[in-house]
Amino acid sequence: VLEALLDLGGSFGGETCGAWIFPEESLCPDGVLSSMIFLSLLEESGLRPSEVCRGIPTFHTERRSVQCPGSAKKALARAMSSEALDWFGGIGMEEIDGVRVSLADRSWVLIRPSGTEPVVRITSESQERAIAVELADRAVALVKAAMGDLK
């Protein structure tokens, strides 16, 4: 996250685990600092916490894991990058941290080998919960099919 923030010149970056980074203040994730920045925002704006979030669209996130031996991860990643865009009918694909496919409705799905466990992690996000679930389920099917082809 920090590398991407610095490369892109971002003012904020974070992960779902709560590791939030404000590079103008610190280059390390810091929960206490994040809380202080949010409280400062409330004080300066005069808004309530619920009012701050009112204009932010809601996205639903789905996560899955598929068992994958470490020895198959590289071959699986190659297979994913060659098939994922067509499989999901995406409009764009990035291969920064696995294979991330973006869809026209702002939904996306990320398929990436875990760096610490013998699994492939799948994350999807959409403004509609049903679409997030469908994307995650389709990604599981794609990973399993590709793993079958590797055998």
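The first residue in the sequence is number 1, and the count goes up from there.
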| remark: Arg48 and Glu51 have their tightest heavy-atom pair at N-OE1, 2.6 Å
| note | In this structure, CE of Met36 is separated from CD of Glu43 (nearest 0.5 Å) by 11.5 Å
| task | Output yes when a side-chain donor or acceptor of Ser34 lies under 3.5 Å from a complementary backbone atom of Asp30, and no otherwise. | result | yes
| message | What I'd like to find out is whether the side chain of Ile111 reaches to under 4.5 Å of the side chain of Val101, using heavy atoms alone. | response | no
| query | Rounded to the nearest 0.5 Å, how far apart are SG of Cys68 and NZ of Lys144? | reply | 12.5 Å
| field | Path from Ile91 to Met93 over hydrophobic side-chain contacts below 4.5 Å | value | no
| request: Locate the shortest heavy-atom distance separating Pro57 from Gln127; write the atom from each residue and the value. | output: CB-NE2, 3.4 Å
| said: For Gly90, is there any backbone N or O sitting under 3.5 Å from a side-chain donor or acceptor partner on Trp108? | reply: no
| message | Could you measure the distance from the CZ atom of Arg78 to the NZ atom of Lys74? Nearest 0.5 Å is fine. | response | 8.5 Å
| request: Just do the side chain to side chain contact (heavy atoms under 4.5 Å, CB included) check on Ile37 and Glu25 with the steps written out, would you? | output: CA-CA 10 Å; Ile37 289 172; Glu25 304 295 332; 4.1 Å; yes
| query | Same cluster for Leu39 and Leu47 if Ile/Leu/Val/Met/Phe/Trp/Tyr side chains link at under 4.5 Å? | reply | yes
| field | Ring geometry between Trp20 and Phe12 (parallel below 30°, tilted from 30 to 60°, perpendicular above 60°) | value | perpendicular
| task | Quick one: closest heavy-atom pair of Ser11 and Pro23, and the distance? | result | O-CD, 3.5 Å
| said: Let me confirm one number: the OG1-CG distance from Thr123 to Leu135, rounded to the nearest 0.5 Å. | reply: 11.5 Å
| request: State, with a plain yes or no, whether a side-chain heavy atom of Ile122 is found less than 4.5 Å away from one of Val66. | output: yes
| task | Calculate, to the nearest 0.5 Å, the distance between atoms CD1 and CG belonging to Ile96 and Leu110 respectively. | result | 10.0 Å
| task | Decide whether Ser102 and Arg100 meet the rule of one side-chain donor and one side-chain acceptor closer than 3.5 Å. | result | yes
| query | Between atom OG of Ser124 and atom CZ of Arg64, what is the distance when rounded to the nearest 0.5 Å? | reply | 6.5 Å
| Heavy-atom side-chain contact between Pro118 and Gln67 under 4.5 Å | yes
| Would one find more than 12 heavy atoms of other residues, nucleotides or ligands at under 6.0 Å from atom CD of Glu128? | no
| Do Val109 and Ile131 share a hydrophobic cluster, counting only Ile, Leu, Val, Met, Phe, Trp and Tyr and linking them when any side-chain heavy atoms are less than 4.5 Å apart? | yes
| note | Correct closest heavy-atom pair for Asp105 and Ser126 would be OD2-OG, 4.4 Å
| request: Let me see the working for Val143 and Met80 under side chain to side chain contact (heavy atoms under 4.5 Å, CB included), right down to the final yes or no. | output: CA-CA 7 Å; Val143 168; Met80 293 296 97; 3.9 Å; yes
| request: Kindly say whether Ser114 contributes a backbone atom to a donor-acceptor pair with the side chain of Lys73 at under 3.5 angstrom? | output: yes
| task | Check step by step if side chain to side chain contact (heavy atoms under 4.5 Å, CB included) holds for Arg112 and Val99. | result | CA-CA 6 Å; Arg112 70 171 190 86; Val99 175; over 6 Å; no
| Min side-chain heavy-atom separation Phe59-Arg106 under 4.5 Å | yes
| field | Over all atoms of both residues, closest heavy-atom pair of Ser26 and Ile21 | value | O-CG2, 3.7 Å
| said: Could you report the tightest heavy-atom contact between Gly14 and Val1, atom names first, then the distance? | reply: N-CG1, 3.8 Å
| Short side-chain to backbone donor-acceptor contact, Arg54 and Pro49, under 3.5 Å | no
| message | Under the criterion side chain to side chain contact (heavy atoms under 4.5 Å, CB included), I'd like the reasoning laid out for Met147 against Leu76: C-alpha separation, chi angles, the key distance, then a yes or no. | response | CA-CA 7 Å; Met147 295 220 3; Leu76 183 65; 3.8 Å; yes
